[in-house]
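As a basis for the values below, the full set of heavy atoms in this structure was taken, side chains included, without hydrogen atoms, waters or symmetry mates.
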Amino acid sequence: MFDFKKITTGLAFCSVMFGFSATSPAQNARIKIDLDRKIGEVDKKIYGNFVEHLGRCVYGGIYDPGNPLSDENGFRLDVLEAVKGLNVSLTRYPGGNFVSNYNWKDGVGPREDRPTRLELAWSRLESNQFGTNEFMDYAKLMNTEPYFAVNLGTGSILEAQQWVEYTNVESGPYYAELRKKHGYEIPHNIKYWSLGNEMDGPWQMGHLNAEDYAKKAREAAKLMKLTDPSIKLVAAGSSNFYPGANPMHWNRVVIDELKDVVDYLALHMYVGNVEDNYYAFVASPLVLEERTHLVKGMIDEAMTRANRKGKDPIYIAWDEYNIWYRWRSSETMSGDIALEERYNLEDALVIASFLNAFIRNADVVKIANMAQLVNVIAPIFTNEEGLFLQTIYHPLALFAQHAHGTALDVYVDSETYNTGDFALGLGEQRANLKNVPYLDVSATMNDDEVIINVVNRHKDKAITTDILAFEGEFTGDFEVFEVNGPDIKSMNDFGKTTVDTKTKSLKGKGGKVTYTFPAHSYTMIKAKIK
């Protein structure tokens, strides 16, 4: 069991320093903002997303040639407009499990010459009509930075090097000239590259043990860096948390073997309410936070022995995270329609809490990619005639649009609960959390503006809370955004929006403002402190 009250209430001396005692029913909850208690800068890349060749994410999602809603390049314009609302900073491509049997050369050049391949990860045919250059065209329209994954499953280190040459070298060698022949005179200059995907998972094509993966990744990194020394590399960290697995052994080996080579370690996590246990489910992002702390310790120790030659230490990239448990049967995980999860309000609260966890760990979490962008476990859902925004869209958009600057170590004093033993997801290791605060909080400071993000996990009770400034005073009106709905199971659908973002203003000044956070809600408050 892991005690999370320490995580969310700051260091132990804060209670003495601030004079707080444990919350009793007669007291308001407290959120205390101290501008001097800084965690680190919030990297905009934590507001990333993911496009994989899976189900209707690409074909019938972002790319739908012949549809009246698409432009001359086949890009769905209604989808693009919704994507822009998410302010996606970094988009991972092309997989995912898909990449471990993908040859990037199949997806470039004249479309009529591209081969159709048997796609083994998700049991479908891959036409390769959408590939490297089409994705880069779309990335420019999205105003997102690309993040490519190379095939270190069935692929070779030479294929990885050649892909970097094709995308990043201006002219001269064969693959740079081939890109120019394909109509792209200027290189794409893709900065972020991951060295394979989920290579610790037995389900992964070309699965390796930690030692063998580290050897292959090191050599791929060598060739890729010799081709373009400016690129940033992401190693495949743990994704296998099934019973009997040893994910932290994998992380320890990979960090130690690649400590001088890579810039990030990728971690993956999916959760689900498989036992219909609301309180356990909305607490599940705290397990991600526990895993973050464990890996941070491993990185810190390895950095004492590393020869980084002036580079930053290794950071963490949570480059796959989401809720995924409804569409996980053999029938719903394969073919052209796969992983089409429909989300409700409790799912939106979990996503908001994931984002809170990234901000609370802004010193080490520098990349995060919610999987995925459209239709496939996604915030945007389409049919041939239109789309709707799923519940999870709203916290993603609010954080990406507003929560920037410096992450603050916020003191939180609220009532707590214990989850008991529960399933994190289908087949995953189980968890048992103690002292889970009903209020899940993060905050950022940008100039004189403080952005406070609060999830009220309580299913039935509004929580009246004193928001206190340790130094200075709140000035002007507060801007309040609330994501909520009539019930924790409320869902959106075509022509039906029950979970949305509502805005209002709050009058307040001085060192304390009191606000009541509604039951089962996510609230963002923007305030100024002087």
query = Is the Phe130 ring parallel, tilted or perpendicular to the Tyr93 ring (thresholds 30°, 60°)?
reply = perpendicular
task = Would you check if there is a donor-acceptor pair between the side chains of Asp200 and Ser239 at a distance under 3.5 Å?
result = yes
ask   = Will you find, in the side chains of Asp228 and Asn168, an N or O donor that is under 3.5 Å from an N or O acceptor?
value = yes
query = Closest approach of Ala220 and Leu152, non-hydrogen atoms and distance?
reply = CB-CD2, 4.0 Å
message = Regarding Glu384 and Asn67, do their side chains bring together a donor and an acceptor under 3.5 Å, going by distance alone?
response = no
query = With no hydrogens and no angle check, is any side-chain donor or acceptor of His458 less than 3.5 Å from a backbone partner on Ala519?
reply = no
query = Are side-chain N/O atoms of Tyr59 and Glu126 paired as donor and acceptor at under 3.5 Å?
reply = yes
message = Can you list everything that forms a side chain to side chain donor-acceptor pair (under 3.5 Å) with Thr332? Sequence neighbours excluded, please.
response = Ser329
message = With a 6.0 Å cut-off on the ring centroids, do Phe381 and Tyr343 count as close?
response = no
task = Sequence neighbours left out, what pairs pass salt bridge (Lys or Arg N to Asp or Glu O under 4.0 Å) with at least one residue falling in residues 265-276?
result = Glu275-Arg430, Asp276-Lys489
ask   = Is there a donor in the side chain of Asp440 and an acceptor in the side chain of Asn356, or the other way round, less than 3.5 Å apart?
value = yes
key: Option from Glu52, Glu145, Glu320 for which salt bridge (Lys or Arg N to Asp or Glu O under 4.0 Å) with Arg92 holds   = Glu320
message = Consider side-chain hydrogen bond (donor to acceptor under 3.5 Å, both in side chains). Of Asn369, Thr292, Asn361, which one does Trp318 pass it with?
response = Thr292
query = If you measure only the distance, is there a donor-acceptor pair under 3.5 Å linking the side chains of His53 and Tyr102?
reply = no
ask   = When you look at Lys140 and Glu134, which way does the salt bridge (Lys or Arg N to Asp or Glu O under 4.0 Å) test go after all the steps?
value = CA-CA 10 Å; Lys140 290 180 176 68; Glu134 288 79 19; over 6 Å; no
query = For Leu439, which of Thr416, Val454, Thr523 qualifies under side chain to side chain contact (heavy atoms under 4.5 Å, CB included)?
reply = Val454
query = Would Arg342 and Asp347 count as a salt bridge (Lys or Arg N to Asp or Glu O under 4.0 Å) if you check the C-alpha gap in whole Å, the side-chain angles of each, and the deciding distance to 0.1 Å?
reply = CA-CA 9 Å; Arg342 296 292 189 97; Asp347 298 321; over 6 Å; no
query = Quick one: do the Asn133 and His188 side chains pair a donor with an acceptor below 3.5 Å?
reply = yes
message = Using side chain to side chain donor-acceptor pair (under 3.5 Å), reason through Tyr47 and Asn87 one step at a time and then give a plain yes or no.
response = CA-CA 8 Å; Tyr47 303 126; Asn87 202 21; over 6 Å; no
task = State whether a side-chain donor-acceptor pair under 3.5 Å links Ser100 with Asn197.
result = no
request  = Would you please say whether a donor-acceptor pair under 3.5 Å links the side chains of Thr132 and Trp163?
outcome  = yes
message = Checking Glu165 against Thr227: is there a side-chain donor and acceptor pair closer than 3.5 Å?
response = no
query = Do any N or O atoms from the side chain of Asn209 and from the backbone of Asp212 form a donor-acceptor pair under 3.5 angstrom?
reply = yes
task = Compute the ring centroids of Tyr321 and Phe358, then answer whether they are less than 6.0 Å apart.
result = yes
Derivation and outcome, side chain to side chain donor-acceptor pair (under 3.5 Å), residues Asn97 and Gln204 = CA-CA 6 Å; Asn97 293 353; Gln204 200 69 204; 2.9 Å; yes
key: Thr391 side chain vs Asn344 backbone, donor-acceptor pair below 3.5 Å   = yes
message = For Tyr417 and Tyr279, I'd like to know if the aromatic rings sit close, meaning centre-to-centre distance below 6.0 Å.
response = yes
query = Heavy-atom count around Asn246 CG within 6.0 Å, excluding the residue itself: above 12?
reply = yes
request  = Under the side-chain contact (heavy atoms from CB on, under 4.5 Å) rule, what do Met224 and Leu195 come out as? Steps first, then yes or no, please.
outcome  = CA-CA 10 Å; Met224 293 165 73; Leu195 300 167; 3.7 Å; yes
request  = In sequence, state the C-alpha distance, the side-chain angles, and the governing distance for Arg117 and Asp106, and then conclude on salt bridge (Lys or Arg N to Asp or Glu O under 4.0 Å).
outcome  = CA-CA 9 Å; Arg117 300 290 190 192; Asp106 290 342; 2.9 Å; yes
ask   = With sequence neighbours left out, what residues match Tyr192 under side chain to side chain donor-acceptor pair (under 3.5 Å)?
value = Lys45
ask   = Side chains of Lys105 and Gln162: do they bring a donor and an acceptor to under 3.5 Å?
value = yes
key: Exam field: side chain Tyr213 to backbone Ala236, donor-acceptor pair closer than 3.5 Å   = yes
key: Heavy-atom pair with the smallest gap, counting every atom of Ala221 and Leu233   = CB-CD1, 3.4 Å
task = Give a yes or no answer on whether the side chain of Ser70 reaches the backbone of Gly66 with a donor-acceptor pair at less than 3.5 Å.
result = no
query = Under 6.0 Å between ring centres, would you say that holds for Tyr264 and Trp193?
reply = no
task = Ignoring hydrogens and angles, state whether a donor on the side chain of Asn273 or Glu346 is under 3.5 Å from an acceptor on the partner side chain.
result = yes
message = Quick check on the 6.0 Å ring-centre criterion: do Tyr166 and Trp104 meet it?
response = yes
inquiry  = For the residue pair Thr382 / Arg56, report whether a side-chain donor-acceptor contact shorter than 3.5 Å exists.
reply    = yes
is_close_aromatic(Trp122, Phe98), centroid dist under 6.0 Å = no
Thr154 side chain to Asn101 side chain, donor-acceptor N/O pair below 3.5 angstrom = yes
query = Going by distance alone, is a donor N or O of one side chain under 3.5 Å from an acceptor N or O of the other, for Ser490 and Thr498?
reply = no
ask   = Distance from Met248 atom CE to Leu294 atom CG, nearest 0.5 Å?
value = 5.0 Å
ask   = How about His268 and Asp319: does a side-chain donor come under 3.5 Å of a side-chain acceptor?
value = yes
task = Mark yes or no for whether Tyr278, through its side chain, and Arg457, through its backbone, hold a donor-acceptor pair below 3.5 Å.
result = yes
